[in-house]
Amino acid sequence: MIDRARSFRLLIVPPLLEEMNRTRRFLMGTMRALDGHGIDSFLPDLPGTNESLQPFVSQSLHGWRMAMVRAARHFAATHVLALRGGALIFPNVLPGWVVEPVSGASLLRQLLRAAVIAAREAGRHEDSAALLETGRTEGIVLAGYDFGPALIAGLDSARPLDEGQREIRQSELGGAALWLRSEPGDDPAQAARLAAIIAAGIAA
Amino acid sequence: MNDNSDAGLRSVLGDVLGLGPVRTAALTAESPLLGALPELDSMAIATLLAGIEDRFGVMFDDAELTGETLASYGSLLALVRGKRRP
């Protein structure tokens, strides 16, 4: 977090799961660039991820939404920036920006598909529909994350919550989407562009 | 075939795997993918397929994602072209 008690205070709701790791450095760069524009910013860990002491298996989209509402209040956020799956859980009463929002079903499909492909490479047969059913009833480990049934069910039906926030497309940031990169990458030019869009929006 | 599938697929591969323009341009129909590129683990393949679905507005079934269709750049390109054909 970069807090110099300024009047514009941006809560950043990161992408979910693996995409969060892939965009971490990009978001750190964005926060530094925002600092240069005179904007404070806060990037809280979602419960069950990074430094959080809670187990991942007991998380749900509802719990993450509540945590982001609490974070917005705690940091006295005036604006919000949500990226990708962050759009499923951000406090949409705040004005702000949503970068390439994605449905929960689309994130889930990717995880299930990775499991199906990994099984195939190991000579086993799995199918997405059966894995999803297991996930919804008992929970399931996908891409190293221990999903409880609540999070699977939540993702399966969640739609982006944006309501009047400005949508930012990848093409406005230039370059390749960092959440797609299978290895975490960095792109200072994209971070600078995102910060400039936000600063211009706040000034307007 | 005169469509933009080839250029689009190269660009998605480059973006997802972080291949530089040289490696991306050097891909040929015979270039092996699954099991050959160290960057291409199962999560990367799933990410790649999601990137292709986004780029071309297509949707893959599990059943289409076999060792054969993912074996080489050429077989993946054929899968994409097959999907895009109305």
Side-chain angles (χ1 to χ4, degrees), chain A residues 15-23 25-26 84-85 100-132 141-145 169-171 173-187 190, chain B residues 4 6-25 27 31-73 75-76 79-80 83:
Chain A
L16 306 183
L17 309 164
E18 195 51 38
E19 293 189 358
M20 187 192 309
N21 304 327
R22 294 178 190 155
T23 52
R25 284 166 64 198
F26 164 65
R84 300 281 293 160
E100 292 278 354
V102 64
S103 72
S106 156
L107 293 175
L108 195 52
R109 192 170 74 240
Q110 229 180 103
L111 289 164
L112 292 167
R113 195 176 265 167
V116 167
I117 293 165
R120 210 157 278 175
E121 283 176 299
R124 286 178 292 114
H125 177 80
E126 301 272 18
D127 83 77
S128 289
L131 290 176
L132 177 59
V141 175
L142 294 171
Y145 292 94
R169 310 307 316 194
Q170 176 61 32
S171 55
L173 302 179
L178 291 164
W179 60 84
L180 278 181
R181 289 282 289 274
S182 53
E183 294 299 320
D186 195 11
D187 189 336
Q190 284 194 43
Chain B
N4 57 6
D6 185 26
L9 185 58
R10 279 173 203 274
S11 144
V12 176
L13 265 166
D15 290 354
V16 171
L17 302 177
L19 305 176
V22 175
R23 284 180 72 191
T24 309
L27 290 167
S31 299
L33 291 180
L34 193 59
L37 291 177
E39 297 92 340
L40 210 52
D41 59 17
S42 58
M43 195 62 217
I45 295 174
T47 306
L48 173 67
L49 293 167
I52 295 172
E53 288 178 336
D54 275 0
R55 162 78 66 135
F56 297 111
V58 297
M59 192 85 100
F60 299 115
D61 290 341
D62 277 5
E64 293 170 315
L65 311 175
T66 63
E68 290 89 73
T69 49
L70 302 175
S72 68
Y73 179 75
S75 63
L76 183 59
L79 175 66
V80 170
K83 279 270 137 185

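So you know, we letter chains A, B, ... as the sequences are listed, proteins then strands, and number each from 1.
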Relative to chain B, which of A:Ala115, A:Ala114, A:Ala177 shows the most heavy atom pairs under 4.5 Å? A:Ala114

On a heavy-atom basis, the closest approach of A:Leu111 and A:Ala143 is CD2-CB, 3.6 Å

So which part of B:Leu48 gets closer than 4.5 Å to some heavy atom of chain A, the side chain, the backbone, both or neither? neither

Minimum-distance pair of heavy atoms, taken over all atoms of A:Ala119 and A:Glu126: CB-CG, 3.3 Å

Given B:Leu76, which partner from the list B:Leu27, B:Ile52, B:Ile45 fulfils the side chain to side chain contact (heavy atoms under 4.5 Å, CB included) test? B:Ile52

Under a 4.5 Å heavy-atom cutoff, which of B:Leu49, B:Asp41, B:Val12, B:Leu17 has the most pairs with chain A? B:Leu49

Looking at every non-hydrogen atom in both residues, tell me the closest pair between A:Gln190 and A:Ala176 and how far apart they are. NE2-O, 2.8 Å

